[in-house]
Amino acid sequence: MISVDQALAQVLALARPTGPETVDLRAALGRVLAAPAVAALTQPPFDAAAMDGYAICADDNRPGAMLTVVGEAAAGRGHAGALTPGQALRIFTGAPVPAGAGVVVLQEHVTRTGATITLPPIPEAHSNIRPAGQDFRLGETLAPPLRLTARHLGLLAAMNVPQVTVARRPVVALLATGDELVMPGEVPGPGQIVSSNSFLLAAMAEEAGADVRMLPIARDTDASLRFALGLAEGADLIVTSGGASVGEHDLVARIAAQMGLDLAFHRIAMRPGKPLMAGRMGSAAFLGLPGNPVSAFACAHLFLRPMLAAMQGLPDASPTLRAELAEAVGPTGPRRSFLRAQLAPGAALPRITPCRNQDSALVSVLATADALLIRPEGDGPRAAGEIVDYLLI
Ligand SMILES: Nc1nc2c(c(=O)[nH]1)N[C@H]1C(S)=C(S)[C@@H](COP(=O)(O)OP(=O)(O)OC[C@H]3O[C@@H](n4cnc5c(N)ncnc54)[C@H](O)[C@@H]3O)O[C@H]1N2
Ligand code: MOO
């Protein structure tokens, strides 16, 4: 059995980059930028008014100065010609500031009578002008790799970049195995349950940027598993759930091996998640997850997400964080344990409480947890108040 750290290094070595493709900005949310995006213009393109008021020459910004309004500039509609001392230009937020102007006086600070404004007793403290290029300049870049958020899309649009080069979404073929499984909406027969893993894992893979192909449930027969695995052709990553352990009905490793799986490892020192396997099968990476839903989740969180990130050119961004134990915990065994836990605000660090029941079949407990509390291999008992590591989930 290899360690969790060795397993992570090995699965990352199994992941291959998907390569770049070009997409419209509207399709770029959540995609990983794969080449620099270059600003096609300078922003703002001109000195722009930041307030509604009057543009004046900097030297005229004196208490009580009286100035003549010579015209108007609004956003999208500038004023032709420069401003000279003694003149003011009615101006609105976003409008180009004319040459010669150095200050925009807020309209609520002046008194206007006909075409004349009188400045207040205290000079305007700020210029209220956004200089050209203050935001970014022509040729400046947004650098890869980067998972694009709404804020990045706003920036790219402002940069006048209509399309971006991103990593192709990894295609994940997702295969649940087990005679006991039916899909949500079906009526389970005697001894059957609903395949929650299919939906849990599909959602996790999609959150990590994958394009998920959900294969039909494979039954616990050689023929059914062969047929279903055959449908994974063309995927970048094959993910199975169930059938990974040692029982007679746990066929995944054997059948996958017959179909060309080059196994990197099977079984790791992790709890839950011991039966995890990984390798490469044809042109795809292969990750065989345990069937217990919490085990499948923990393995997907620790291994599937980093694999998908690596395939898109991103480092894994899931830092180990620290919290204070809200209650005492017992000793651990030889495997690294990941306990479902809840976080609460604390003085210096958050306080963490392991969920009552750590059975790896309990999806209701998993749904209420917000962290995986990490217990090292062979750790002793820990008292309330001790500092421990956790992962946010
Ligand atoms: N003698 C041993 N028995 C088991 C061992 C062991 O070392 N020796 N390991 C245990 C551990 S740890 C785990 S985890 C499970 C994992 O086994 P499998 O990967 O072979 O999973 P299954 O047996 O197929 O299923 C386990 C459990 O999970 C349920 N399941 C399966 N698929 C789904 C799904 N898509 N959605 C929801 N639930 C699913 C299944 O019905 C079983 O209850 O093995 C232990 N046994
Ligand atoms: O890993 Mo099993 O993965 O302990 O439930």
Side-chain angles (χ1 to χ4, degrees), residues 1-4 7 172-205 212-222 224-225 228-229 232 238-257 261 263 265-279 286-304 332-340 354-355 357-367 369 372-375 377 393:
M1 252 191 329
I2 61 171
S3 71
V4 170
V172 171
L174 183 58
L175 176 60
T177 72
D179 284 341
E180 75 279 29
L181 302 177
V182 298
M183 289 300 260
E186 292 177 1
V187 181
Q192 287 195 307
I193 60 165
V194 177
S195 175
S196 57
N197 288 356
S198 306
F199 291 80
L200 171 77
L201 297 171
M204 289 178 79
V212 175
R213 202 196 293 168
M214 210 188 281
L215 303 180
I217 293 169
R219 300 305 166 193
D220 294 326
T221 65
D222 289 16
S224 178
L225 201 52
L229 277 174
I238 301 169
V239 178
T240 62
S241 100
S245 189
V246 293
E248 276 93 83
H249 304 289
D250 297 331
L251 310 173
V252 172
R254 181 166 57 80
I255 300 301
L261 172 65
L263 196 65
F265 64 83
H266 189 180
R267 277 184 279 282
I268 63 173
M270 169 171 170
R271 185 178 178 188
K274 181 174 65 171
L276 181 75
M277 70 185 96
F286 184 99
L287 192 65
L289 304 176
N292 276 325
V294 179
S295 316
F297 168 80
C299 288
H301 190 79
L302 266 83
F303 304 107
L304 174 60
T332 63
R335 294 188 272 158
R336 190 178 301 175
S337 301
F338 295 85
L339 307 183
R340 278 66 71 208
C355 299
N357 193 332
Q358 293 290 328
D359 185 322
S360 61
L362 304 182
V363 286
S364 59
V365 174
L366 181 61
L372 289 176
L373 164 55
I374 306 174
R375 301 293 319 278
E377 300 82 340
I393 58 174

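Order of appearance sets the numbers: ligands from 1, and atoms from 1 within every ligand.
- By the side chain to side chain contact (heavy atoms under 4.5 Å, CB included) test, Ala244 pairs with Pro275, Met277, sequence neighbours left out.
- Distances below 4.0 Å separate heavy atoms of Ser241 from the following atoms of ligand 1: 35 (N).
- Nearest protein heavy-atom contact of atom 2 (C) of ligand 1 is Val246 CG2, 3.5 Å.
- Nearest-residue assignment for atom 24 (O) of ligand 1 (options Ser196, Gly243, Gly291; heavy-atom criterion): Gly243.
- Note that CZ of Phe286 and CG of Leu263 are 8.5 Å apart. Values are rounded to the nearest 0.5 Å.
- Looking at Met204 and Ile393, their side chains never come closer than 4.5 Å, going by heavy atoms from C-beta outward.
- Heavy atoms of Asn197 found under 4.0 angstrom from ligand 1 belong to the backbone as well as the side chain.
- Ligand-side atoms of ligand 1 in range of Ala244: 18 (P), 19 (O), 20 (O), range being under 4.0 angstrom from any heavy atom.
- Nearest protein heavy-atom contact of atom 41 (O) of ligand 1 is Glu180 OE2, 2.6 Å.
- With Pro272 as the fixed residue, the side-chain contact (heavy atoms from CB on, under 4.5 Å) test singles out one of Ser360, Pro293, Pro290: Ser360.
- Closest to atom 43 (O) of ligand 1, if we only count protein heavy atoms, is Asn292 OD1, 4.2 Å.
- By the salt bridge (charged side-chain N to carboxylate O under 4.0 Å, His left out) test, Arg375 is found to be paired with Asp379, residues two or more places apart in sequence or in another chain being considered.
- Between Cys299 and Met270 the shortest heavy-atom distance is N-CE, 3.9 Å.
- Counting non-hydrogen atoms of other residues, nucleotides and ligands closer than 6.0 Å to CZ of Arg336 gives a total above 12.
- The minimum heavy-atom distance linking Leu215 with Ala173 is given by the pair CD1-CB, 4.0 Å.
- Looking at Met183, Met277, Lys274, it is Lys274 that brings a heavy atom closest to atom 7 (O) of ligand 1.
- Residue-ligand proximity: Val194 is placed with a non-hydrogen atom under 4.0 Å from ligand 1.
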Give a table of atom pairs where an N or O of ligand 2 lies under 3.5 Å from a protein N or O.
{"unit_1": "ligand 2", "atom_1": "1 (O)", "unit_2": "Gly273", "atom_2": "N", "d": "2.3"}
{"unit_1": "ligand 2", "atom_1": "1 (O)", "unit_2": "Lys274", "atom_2": "N", "d": "3.2"}
{"unit_1": "ligand 2", "atom_1": "3 (O)", "unit_2": "Gly273", "atom_2": "N", "d": "2.4"}
{"unit_1": "ligand 2", "atom_1": "3 (O)", "unit_2": "Ser295", "atom_2": "OG", "d": "3.0"}
{"unit_1": "ligand 2", "atom_1": "5 (O)", "unit_2": "Asn292", "atom_2": "ND2", "d": "3.3"}
{"unit_1": "ligand 2", "atom_1": "5 (O)", "unit_2": "Ser295", "atom_2": "OG", "d": "3.0"}
{"unit_1": "ligand 2", "atom_1": "5 (O)", "unit_2": "Ser360", "atom_2": "OG", "d": "2.6"}

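- Val4 and Phe303 make their closest contact through O-CE2, 3.7 Å (heavy atoms, listed as atom of the first residue, atom of the second, distance).
- Counting heavy atoms under 4.0 Å from ligand 1, residue Pro293 touches it through the side chain alone.
- Checked by distance only, ligand 1 and Ser195 come closer than 3.5 Å through their nitrogen or oxygen atoms.
- For the pair Ile217 and Val182, the tightest heavy-atom approach, listed with the atom from each and the gap, is CD1-C, 4.0 Å.
- Within the 4.5 Å cutoff, the side chain of Leu302 has no heavy atoms near those of the Leu276 side chain.
- Taking every heavy atom of Asp250 and a limit of under 4.0 angstrom, the matching atoms of ligand 1 come to 20 (O), 23 (O).
- Ranking the protein heavy atoms by distance from atom 45 (C) of ligand 1 puts Ser245 OG, 4.0 Å first.
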Tabulate below the donor-acceptor pairs under 3.5 Å that side-chain atoms of residues 189-199 make, not counting sequence neighbours, or state none.
{"unit_1": "Gln192", "atom_1": "OE1", "unit_2": "Gly189", "atom_2": "N", "d": "2.9"}
{"unit_1": "Gln192", "atom_1": "NE2", "unit_2": "Asp179", "atom_2": "O", "d": "3.2"}
{"unit_1": "Ser195", "atom_1": "OG", "unit_2": "Ser198", "atom_2": "OG", "d": "2.6"}
{"unit_1": "Asn197", "atom_1": "ND2", "unit_2": "Ser241", "atom_2": "OG", "d": "3.3"}
{"unit_1": "Asn197", "atom_1": "ND2", "unit_2": "Gly291", "atom_2": "O", "d": "2.8"}

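- The protein non-hydrogen atom at the shortest distance from atom 38 (N) of ligand 1 is Ile193 CD1, 3.6 Å.
- The shortest non-hydrogen separation linking Gln358 to Arg340 is O-NH2, 2.5 Å.
- Within the 4.0 Å heavy-atom criterion, the part of Leu181 lying near ligand 1 is the side chain and not the backbone.
- The two atoms that bring Arg219 and Ser224 nearest to each other are N-OG, 2.7 Å, heavy atoms only.
- Between atom 11 (C) of ligand 1 and the options Pro275, Gly288, Ala253, Pro290, the minimum heavy-atom separation is to Pro275.
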